[in-house]
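Written below as structure tokens is the structure these notes are about.
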Amino acid sequence: DETIQNFQKKGYAVGAYTFFPIDFASIQRKPESEEQTVSESKRVLKHLFEKKVNWIETDDAKLTVQVIRDIKDGKPVE
């Protein structure tokens, strides 16, 4: 899917939020556990990083930076 790249070609910045959320009130598909939340956030973050989004919002900047480092270093993201 080239949705992100198509918007970027038109001059739009593309971003995503919220990774590693602390508030689940606005999440439609509620996670069953914190572990599931972290795992799902990592999986989606990896996908979007590979698609080269322009920005990411997160409730846990430290964990997000670590996951991005792991992706850049070729470490498995689970």
Side-chain angles (χ1 to χ4, degrees):
D1 187 329
E2 302 299 317
T3 303
I4 293 170
Q5 289 76 16
N6 289 340
F7 275 100
Q8 289 171 332
K9 286 177 189 174
K10 292 179 181 182
Y12 293 100
V14 179
Y17 67 93
T18 292
F19 290 92
F20 312 109
I22 56 173
D23 179 9
F24 298 100
S26 63
I27 297 176
Q28 290 178 343
R29 193 177 57 134
K30 306 273 190 261
E32 294 178 16
S33 66
E34 184 177 339
E35 182 179 282
Q36 182 186 12
T37 300
V38 170
S39 177
E40 181 73 2
S41 288
K42 285 181 177 182
R43 185 188 66 75
V44 174
L45 183 59
K46 182 178 188 298
H47 174 75
L48 292 174
F49 182 80
E50 290 169 350
K51 292 288 186 177
K52 300 182 181 185
V53 295
N54 299 93
W55 54 266
I56 293 172
E57 291 185 25
T58 180
D59 285 341
D60 190 334
K62 192 173 186 177
L63 181 55
T64 300
V65 168
Q66 184 58 54
V67 171
I68 290 171
R69 281 189 187 133
D70 290 348
I71 293 166
K72 285 180 156 184
D73 292 343
K75 295 178 182 175
V77 176
E78 301 173 6

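The first residue of the sequence shown is numbered 1, and numbering continues consecutively from there.
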Applying salt bridge (charged side-chain N to carboxylate O under 4.0 Å, His left out) to Lys75 and not counting sequence neighbours gives Asp70
Please answer: with hydrophobic residues joined when any side-chain heavy atoms are less than 4.5 Å apart, are Ile71 and Val65 in the same cluster?
->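 They do not share one cluster, since no chain of ILVMFWY contacts under 4.5 Å joins Ile71 to Val65.
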Roughly how far, to the nearest 0.5 Å, is the [atom2] atom of [Y] from the [atom1] atom of [X]?
{"X": "Asn54", "Y": "Lys52", "atom1": "CG", "atom2": "NZ", "answer": "11.5 Å"}
{"X": "Glu2", "Y": "Ile4", "atom1": "CD", "atom2": "CD1", "answer": "9.5 Å"}
{"X": "Ile68", "Y": "Leu63", "atom1": "CD1", "atom2": "CG", "answer": "10.0 Å"}
{"X": "Gln8", "Y": "Thr3", "atom1": "CD", "atom2": "OG1", "answer": "11.0 Å"}
{"X": "Leu48", "Y": "Ile56", "atom1": "CG", "atom2": "CD1", "answer": "6.5 Å"}

Do other residues, nucleotides or ligands put more than 12 heavy atoms under 6.0 Å from Glu50 CD?
->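 Enclosed: over 12 neighbouring heavy atoms sit under 6.0 Å from CD of Glu50.
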Does NZ belonging to Lys51 count more than 12 external heavy atoms closer than 6.0 Å?
->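 Enclosed.
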What residue among Lys42, Gln36, Arg43 forms side chain to side chain donor-acceptor pair (under 3.5 Å) with Glu40?
-> Arg43
